[in-house]
S.K.: 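I'd like to ask you about the structure that follows.
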Amino acid sequence: MSATTAIPTQADAPARAGAAAPATIEIRGLHKVYKIGEERVHALRDVDLTIRRNEFVAIMGASGSGKSTLMNILGCLDGATKGAYVLNGRPTHKMGMGRLARVRNEEIGFIFQSFELLPRASALKNVMLPMLYSAKHLFSARRRAKRSLEMVGLADRMGHKPNQLSGGQRQRVAVARALVNDPALLLADEPTGNLDSKTTVEIIDLFRELHASGQTIVIVTHEEDVAGHAERIVRLRDGEVMSDYPTNDDPVHQDWIERMASGQGSRLEAARDETASVEGAEA
Amino acid sequence: MNPFRIFFAPLVFILRLCVQTAFLAIGQIFSRFVRSSLTMFGIIIGVAVVIGTIGGLTGMKGFVLKEFETFGARKMFMWGYVPEDMRTTVSWSDVKLTTYEANIILERAPSIEKLSPICSMRMDANYDGKLVRGVDVSGIWPDWHDIEDRQMIFGRPFSRIDIEENRQVCFVNAAAVDEMKLDTDPTGDYLQLGGRRFLIVGLVETKDLQFMGNGGDAQSEVFIPFETHKMMNPYTWTNFLLQMTDPEQAADAEASIRFILRKHRNLDPEAEDTFQIRMLQSVIEQFNVMANGITLVASIIVGFTLLVGGVGIMNIMLASVSERTREIGLRKAVGAQPLVVLLQFLIEAVVLCVVGGAIGVLIGMGIVTLLRQLVSWMSEAAVPPGWIILAFGACGFCGVVSGMFPAIKAASLNPINALRHE
Ligand SMILES: Nc1ncnc2c1ncn2[C@@H]1O[C@H](COP(=O)(O)OP(=O)(O)OP(=O)(O)O)[C@@H](O)[C@H]1O
Ligand SMILES: [Mg+2]
């Protein structure tokens, strides 16, 4: 099935955003069909997508358009029904369960909307979890986990259990966990979906820093202002790629910016102003 | 990375995984303490009962063997016997053992080293004008001391001359001294037995047997030379008391005695023996058969308890897998290999079973200790280490078997479906 799908090589890949960086993700002719009894749901139809190293991509689309389905396949959490997915030059669609587990462990950091932390374990133990399943950082697991937590600004919360942390802090623990094995790819499915505007700003700023330091990031979001921080916006509709533009060229996003400028002001801008004024008052 | 680390990393990785998984499993057991206890209940009770039974059996075996030891494992008995189909033609007096037969057995059976004929009768004894009725008087040969392992406390045993000349000499035991109010050392006194005057040559020790033979308070006993006894009471019944060179020689000894006596008594090849032979060896064998029977029953109980307990463990593991589907999904999402997830649940089931088994073993050992302390003749009650190892092994096996299916179920879950599970 997938073997017949031609995968363009580095040379004939279209130069996008002026970048000639190697492709981290290459997807060709991807289909995902869910079967519920007799009924078939075509969640993804013939998706082609290339994401290069150090890109920051937002995936958007209406509810049910297939964003999560695509993310799960990108994260090797689920297999495609048809099509090819090459991650860092390696064809994941040909891998078995064991190899996929290894890929998830070493190459992918996945952040869930609902954090998915182990409730009984401390923040540190949660961050160490991926290293439990790899022989790679056997002798440095604790040190790496600490460094990762310091990076997301939770140096003083390492011993806390998830129920002793705020939503934003929990999501930062999840980010620390996703980053602890130095993944080639950071995936986040609506990472700010369960957060208020203020903590959303914290998480987005964290993503921007990571991106600045060279991390490849793909996030799913409903919010235009979150997507605005990405370099590129891929829009899905009914399981198909509807549009794929750099953020500055995306007509829908530009529309939205104009609307914001002419009135209401965005949720996140408001939150940022508020924080600034509080900090100003304290100073 | 230095070479040392590269070499040991995989080893340490697997070891760490197992240790952490075991701790995780123990944590699980304690965090659901009531549920775990109920789950383990079957295994605990089963193992405790079996360990208790085996311990008790060991105590009983030790006791019986010790009794036999005291009694003499090399000892044999024989007596004349009329088989059913000869009852009309042969009388009991025809088959009575004779001293001649005693001598040819001693002469020709190399595996028999000692022999004493015994005849015994109740006689009236008279000492110093006081009459004691119905005292047990036995006629013996000097070999009797070694076979019964009862030596003289005071005085001397019978001599060759006592036997050959049918002398009227006797010795007594402590109970007889008490009953007839003899001196503490009665040597040199005279005793009237059946109207004859006997010189008391000594005092013989009394064997303390709790279990078999003359238990409880020892009876008064008086011993006189076999020939003297025969002369006084020619019609008394005669038994032989024999001693083999070695308990291992039992079969050999029996065969040679049969050969010698059958030849001497001119028995047809198809005729039955006109005598019977019994030895302790066969009693021990009978006891061993019984003990093995009990052990077998105990093993069957173990089997059934582990089966029932295993079903309980499997049930709880299945519940655990569906309760923790989300957690399994997460672990898989961050890269847990299917094999590792399988191992985790397998170790959990094994830990559950082995912890149950350990508690069972402890309770069982408690019962055995109690037995040892409270029941006097159970002083040797103990649980053989082999049985403890066996109990743990069986529990571990039970854990693997009952954990396998739930573990496979957990390992084959698709990560995203598991994460979506509510
Ligand atoms: N496990 C599943 N079984 C059957 N159908 C599914 C399954 N998961 C998703 N679908 C269907 O696939 C389609 C795409 O779902 P998906 O979750 O990818 O949408 P989404 O874009 O993430 O939506 P939302 O923004 O609400 O999260 C939907 O029609 C959904 O009903
Ligand atoms: Mg979704």
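Heavy-atom basis, side chains included; hydrogens, waters and symmetry copies ignored. Every chain is numbered from 1, with letters handed out A, B, ... down the list of sequences. Computed from a predicted model, the values in this text were never measured in an experiment.
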S.K.: Not counting sequence neighbours, list each pair that qualifies as a salt bridge (Lys or Arg N to Asp or Glu O under 4.0 Å) and has a residue in residues 35-46 of chain A.
M.R.: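 Qualifying pairs: none.
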S.K.: With sequence neighbours excluded, tell me which residues meet salt bridge (charged side-chain N to carboxylate O under 4.0 Å, His left out) with B:R324.
M.R.: B:E327, B:E348
S.K.: Is it true that atom CZ of B:R372 has more than 12 heavy atoms of other residues, nucleotides or ligands lying nearer than 6.0 Å?
M.R.: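 More than 12 within 6.0 Å, yes.
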S.K.: Regarding A:N181 and A:E106, do their side chains bring together a donor and an acceptor under 3.5 Å, going by distance alone?
M.R.: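 Looking only at side-chain atoms, A:E106 and A:N181 do not form any donor-acceptor pair under 3.5 Å.
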S.K.: At a heavy-atom separation under 4.5 Å, does A:S134 approach chain B through its side chain, its backbone, both, or neither?
M.R.: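 The backbone, not the side chain.
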S.K.: Looking at chain A, which one of B:G27, B:A336, B:S412 has the largest number of heavy-atom pairs inside 4.5 Å, strictly under?
M.R.: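 Greatest number of close heavy-atom pairs with chain A: B:A336.
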S.K.: Is there a donor in the side chain of A:S114 and an acceptor in the side chain of A:E116, or the other way round, less than 3.5 Å apart?
M.R.: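 Yes, side-chain donor-acceptor contact under 3.5 Å.
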S.K.: With a 4.5 angstrom heavy-atom cut-off, could you sort out which part of B:L330 is near chain A: side chain, backbone, both or neither?
M.R.: side chain
S.K.: Among A:L187, A:I108, A:L185, whose side-chain contact (heavy atoms from CB on, under 4.5 Å) with A:C76 holds?
M.R.: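 For A:C76, the side-chain contact (heavy atoms from CB on, under 4.5 Å) check succeeds only for A:I108.
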S.K.: Can you give the donor-acceptor pairs under 3.5 Å from side chains of residues 44-64 of chain B to other protein atoms, not counting sequence neighbours?
M.R.:
residue, atom, partner, partner atom, Å
B:T53, OG1, B:V49, O, 2.6
B:T58, OG1, B:I54, O, 2.7
B:T58, OG1, B:A382, O, 3.3

S.K.: Do you know which of B:I14, B:L339, B:V334 has the most heavy-atom pairs under 4.5 Å to chain A?
M.R.: B:V334
S.K.: Could you name the residues of residues 392-408 of chain B that have a heavy atom within less than 4.5 Å of a heavy atom in chain A?
M.R.: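 If one takes a 4.5 Å heavy-atom cut-off, no residue of residues 392-408 of chain B lies near chain A.
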